[in-house]
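Quick notes on the structure that follows.
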Amino acid sequence: MAFTALSVVGNGALIPAVGSFTALAVGTVTMVSGGATVTVKGLKRVEGIIGMVQGATGVGETVQCTATSNNTADIETVNEAGDKAGTSVVMYIAWGPPLS
């Protein structure tokens, strides 16, 4: 798993991917009332980001991206009732063109 390398590369650092894909940025962020802003230092622009809840504060939390701008993405955790909520740690993988 890519997340086992976090202690080595740090949040938002690029790690090489296997195959023909560009490097991926990985990191973790702690949600505040179900929201967080992620700035990916290794990318010019975030073209996509996916997240997974680690140690959820509620059952059934999902992660969604609500906006991106340059190398920054806003993400939310949504509980079973469909409300933005939680203080969980979210692990993420982001991709886009790397800084030159």
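The shown structure was predicted, so the numbers you read here are calculated from the model rather than taken from an experiment.
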Can you name the nearest heavy-atom pair linking [X] to [Y], along with the distance?
X	Y	value
Ala85	Thr77	O-OG1, 2.7 Å
Thr68	Ala73	CG2-CB, 4.0 Å
Lys44	Pro98	CE-O, 3.3 Å
Ser33	Lys84	O-CE, 3.6 Å

Quick one: does Ile75's side chain get under 4.5 Å of Met31's, heavy atoms only?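 Ile75 reaches Met31 side chain to side chain.
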Would you indicate whether the side-chain heavy atoms of Ile50 and Trp95 approach each other to under 4.5 Å?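 Side chain of Trp95 against side chain of Ile50, heavy atoms only: contact under 4.5 Å found.
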In Å and rounded to the nearest 0.5 Å, what is the [atom1] to [atom2] distance from [X] to [Y]?
X	Y	atom1	atom2	answer
Gln64	Glu76	CD	CD	5.0 Å
Asn79	Glu61	CG	CD	7.0 Å
Ile93	Leu24	CD1	CG	6.0 Å
Ile49	Leu43	CD1	CG	9.0 Å

Same cluster or not: Val90 versus Val78, using hydrophobic residues (I, L, V, M, F, W, Y) connected whenever any side-chain heavy atoms lie under 4.5 Å apart?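 No; tracing contacts between hydrophobic side chains, which count when under 4.5 Å, never links both residues.
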For Thr39, does its backbone N or O pair with a side-chain atom of Asn71 as donor and acceptor, under 3.5 Å?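 Flag not set: sc Asn71 to bb Thr39 has no pair under 3.5 Å.
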